[in-house]
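Numbering of ligands and ligand atoms starts at 1, following listing order. We number each residue from 1, following the sequence as shown.
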Amino acid sequence: MAAPCFLVLVVLAATASSARSAIAPNDEPSSISSNSVPPAKPKLSATSNWSCFPAERAALLAFKAGITSDPQNLLISWQQGHHDCCWWGGVTCSSRTGHVVKLDLRNCSPTPIEDELFDLEDPHNHSLRGQVSSSLLALRLSLRHLDLSMNTNLGDAMAMPGFLSSFQSLTYLNLSNMGFNARLGSLEHLNMASVNLSGVDDWFHTVNALPNLVVLNLDSCWLDMSNAPSSVRHHNLTVLEELDISDNSLNTLPASNWFWDVTSLKSLTLQDYNNIKGMTPETLEHMCNLKSLRLDSNNIGMDITKVLQKIPICSWKNLQELSLMDSNITGTTLQFVSNLTSIRILEFSFTKLSGSVPVEIGKLTNLNYLNLGYNNLSGVISEDHFSGLVHLKIIDLSHNNLELVIDSRWAPPFNLDSAFFKFCHLGPQFPKWLQGQQSINHLDISSTGLISRIPDWFWTAFSDARLLDTSLNQLSGNLPLSLEFMSVIVLSMQSNLLTGFIPKLPRTIVVLDISKNSLNGVVPNFQAAQLQVAVLFSNSITGTIPMSICRLRELRVLDLSNNFLSAELPDCGRKELKQRNPFINNSSRVNSTSSSGLKIITLLLSNNSLSSGFPLFTQQCPNLVFLDLTQNKFTGELPGWNSEAMPRLVMLRSIQNLKALTGTTTTDNTIYENPFEEIVYGNSDRPYMGEYNDSLSVVIKGQVLEYRKNTIYLVNIDLCCNSLTGEIPEELSALAGLVSLNLSSNLLSGNVPYKIGKLRSLESLDLSKNTLSGEIPQGLSDLTYLSYLNLSYNNLSGRIPSGYQLDILKADDPASMYIGNPGLCGHPIPRECPGPPTNPVANNDLESWSEDGLFQIDFVLGSGFVAGTWMASSNTLSLRVL
Ligand SMILES: *[C@@H]1O[C@H](CO)[C@@H](O)[C@H](O)[C@H]1NC(C)=O
Ligand SMILES: *[C@@H]1O[C@H](CO)[C@@H](O)[C@H](O)[C@H]1NC(C)=O
Ligand SMILES: *[C@@H]1O[C@H](CO)[C@@H](O)[C@H](O)[C@H]1NC(C)=O
Ligand SMILES: *[C@@H]1O[C@H](CO)[C@@H](O)[C@H](O)[C@H]1NC(C)=O
Ligand SMILES: *[C@@H]1O[C@H](CO)[C@@H](O)[C@H](O)[C@H]1NC(C)=O
Ligand SMILES: *[C@@H]1O[C@H](CO)[C@@H](O)[C@H](O)[C@H]1NC(C)=O
Ligand SMILES: *[C@@H]1O[C@H](CO)[C@@H](O)[C@H](O)[C@H]1NC(C)=O
Ligand SMILES: *[C@@H]1O[C@H](CO)[C@@H](O)[C@H](O)[C@H]1NC(C)=O
Ligand SMILES: *[C@@H]1O[C@H](CO)[C@@H](O)[C@H](O)[C@H]1NC(C)=O
Ligand SMILES: *[C@@H]1O[C@H](CO)[C@@H](O)[C@H](O)[C@H]1NC(C)=O
């Protein structure tokens, strides 16, 4: 049966190298001289007449010369006299470089009218005829898209694969129905990665007609059970050595699956999202040649020894790579490893292994990569475990309960590139054997029980390292005066006992975390142009914040909270703004798109002695999401501030327990990862670091809220403990997304806004310790999500409203929410109100508020931060509200 045999290769740029070898060299690619380097972009002539690159024009004309018949006149515009070949039919050039990037000569089906006119219902009649000239090689550096599909009569197609392999930029190649598929029979490498084959039911038959195939890559091809060739009895792929079917949706692998029988297979990769449940067939008994088996990120659900039993004994001594990361595997013994004598890569991280690590692992002289991280392994690891590991480069034992007991005189047989020991026990002394590991790139010895001085050799031995993490230990001593000789990109030493001055930073540094130490002195001049994260909170840093932060164009996170910083923040060249009164002159608004803007997302400066006016610095930070300025000595007026200046602001004044930003562990052992850690690990080639999702959890009053990158909710206003004066602006009640409002411990006066019931999402409301007066609005009982309320210590009076949520709040001591307001009466406080309760007046005004969707309000944070007043104006802070 003549199944329509079609083959489309869409070669992704990323796999271009394999694609190059993907086509069998049938023919010597003829080359065109003088074209190894493309000429400079042609100039616009004085007459505004463009000419395309002459060499490319010549190549296209040579292609045309090879065509003997062009029934559809596809090439009629391809004329010597038409200089700009970019205008020729089917040709597209890059508007940027002028090079030909696309050639579309698809033989389209005739329209019905053409059919009638020419009586050509057969596509063969429309096909270009002749040769595909190798002159096209002139386009090999620039051409990205080539479509010659349906040209059934175009030959000599035999020659094509050979020279197509030279096209380095090709991302799209469609040779469908060119009638030479059968001639691809000699194809040895086929890379179909990321081609959507989900609608292609006969993909396997196409592949199966390629008996010389050695490498087959079907990674991310949208294959699922519906078009899996489960019933295939015979296959032609007798020389296939490498098969990659990763990242498809094959839920089970039937025992009859064709590739279990491919005895030639050396490498089988089935990782990522296949969600393969269990292992069938019972054994991979035919695969004696297997060298690499990768089943990561599946759901095997078996004991690891059972998995090993499925790998035929004949291949154990050949096996070089076994990767079972995150594949739901259990097991208490790894004894079998002693039989995997050729093994180079053992990847068992994120499985559920427990028990000890057998000392026999030290006999694996070929072992290069060992990852046992994120398991439940326990016991002692000694020198013997490493005795024969002369080739070990990468070791990860982190997140287990392992203890490394190693003599301080031990000289390791290996020279590591990366070592991850987080949460292993290495201490109390700093491991001396690390001193010899001077080629190390990544070293994580955080939380390893080190109680000692940080050795002087640390800085020199690891001066070429890219990631150094010694955090969460009790390391003492000073840092060197300068770290400029180092090449480190990520340096984390947080939560130790380090003293002395903050050193000059390495120029390469991207992430610095030296928080929670006892460092003093001033913030050094930042000379590190790449710096993205600077976390220095909870030290004893004095002085001012240096002007050099204005030059840190990549900075995303700056946390200097809990130090002794004083004076004013640099305004980064915008001093003049200070002189203007923003409420009068609109044009003094900061232009958020101005090129001088910084990229800071998180700016945490609380608990210092920073002074002067509201920092103009913040106006250079249009991307600010988290801003905490509390517990400082700011005075004076707030500048003009609008939604353009900080359109993404989610939290003004972070709260103390903002775990998300500090990466510390909460009591319930949930680890709130630093959301900016992706920057850290994005650079460090750590093999198992998965993608971080785009949300960050913010802890507000014990609630965990989701903040997602592209959704702008003002969820939290916390301006507690300032000296804010004036009234709470009524406009605040339009912030329908507001979840937490804390204005406690200020000098606010006036009424509680009577539209407060409009804050439908509000879960936490704290207005305590102000001088608010008048009655509590009945609307408060409309807040159905309210779980925390504090109105104590004000001057409120009248009957306490009741109903719904209000009646069940703070069940243990409801009166405490209202204590310190001598004028209040009624339940839950003991003072009775005079007279019967009156029905609350329905307030039509309430309905005038927009109920739906996105609208924008402007409200003011008033003038002044300490002597501040709240006031409404059209010229100030506006917040986008959902
Ligand atoms: C382009 O050049 C041709 C002849 O070389 C001339 O006839 C034509 O007017 C020119 N076009 C423009 C826009 O100058
Ligand atoms: C076009 O197709 C028809 C029907 O298949 C055939 O009879 C005719 O010879 C073809 N003409 C050419 C030029 O190939
Ligand atoms: C390749 O060309 C054929 C015929 O022109 C077309 O049907 C098909 O959609 C193309 N394939 C892709 C992936 O664009
Ligand atoms: C792949 O193709 C299927 C159907 O042919 C379609 O439903 C799916 O959206 C496609 N996926 C992508 C990423 O194009
Ligand atoms: C094996 O390949 C040949 C062509 O090389 C083909 O004719 C045959 O049908 C293939 N066998 C199977 C089972 O597909
Ligand atoms: C892991 O495998 C076990 C045993 O098959 C199964 O009970 C469990 O549900 C699996 N875990 C997950 C997360 O699927
Ligand atoms: C290692 O292989 C030998 C023979 O090949 C076998 O007797 C022994 O049980 C194997 N050890 C383990 C732990 O599987
Ligand atoms: C971890 O291992 C210990 C023994 O070393 C065992 O008691 C404990 O149950 C294991 N925990 C899990 C979650 O498997
Ligand atoms: C506002 O500022 C601009 C530019 O700084 C100035 O030209 C203009 O006169 C000012 N307008 C008022 C009303 O002060
Ligand atoms: C902000 O600056 C950009 C570029 O400097 C300019 O295009 C834009 O119009 C300015 N916007 C405002 C509101 O001034």
Check: Does atom NE2 of H425 have more than 12 heavy-atom neighbours, drawn from other residues, nucleotides or ligands, at distances under 6.0 Å?
Finding: yes
Notebook entry, point to check: Are a donor atom and an acceptor atom from the side chains of Q309 and K306 found within less than 3.5 Å of each other?
Noted result: no
Note to self: Suppose I only count heavy atoms of S378 and a 4.0 Å limit; which atoms of ligand 8 are within that range?
What the structure shows: 5 (O)
Item checked: Partner of S292 by side chain to side chain donor-acceptor pair (under 3.5 Å), out of K266, Q320, R344, E321 -> E321
Next item on the list: Identify which one of N328, N376, T332, T330 satisfies the side chain to side chain donor-acceptor pair (under 3.5 Å) criterion when paired with K352.
Entry: N328
Checklist line | Closest approach of any protein heavy atom to atom 3 (C) of ligand 6, naming residue and atom | finding: N328 ND2, 3.6 Å
Note to self: To check your reading of the model: name the closest protein heavy atom to atom 5 (O) of ligand 6, its residue, and the distance in Å.
What the structure shows: G301 O, 3.5 Å
Note to self: Students often mix this up, so state it plainly: with edges at 30° and 60°, are the rings of W433 and F386 parallel, tilted or perpendicular?
What the structure shows: tilted
Check: Which of these passes side chain to side chain donor-acceptor pair (under 3.5 Å) with D296: S349, S323, S246?
Finding: S323
Item checked: Verify atom 7 (O) of ligand 6: protein non-hydrogen atom under 4.0 angstrom away -> no
Next item on the list: Using a distance threshold of 4.0 Å (strictly less than), state whether atom 10 (C) of ligand 8 has a protein heavy-atom neighbour.
Entry: yes
Checklist line | atom 14 (O) of ligand 6 [closest protein heavy-atom partner, distance rounded to 0.1 Å] | finding: N299 ND2, 2.9 Å
Next item on the list: For atom 13 (C) of ligand 8, find the nearest protein heavy atom and state the residue, atom name and distance (0.1 Å precision).
Entry: N376 ND2, 4.2 Å
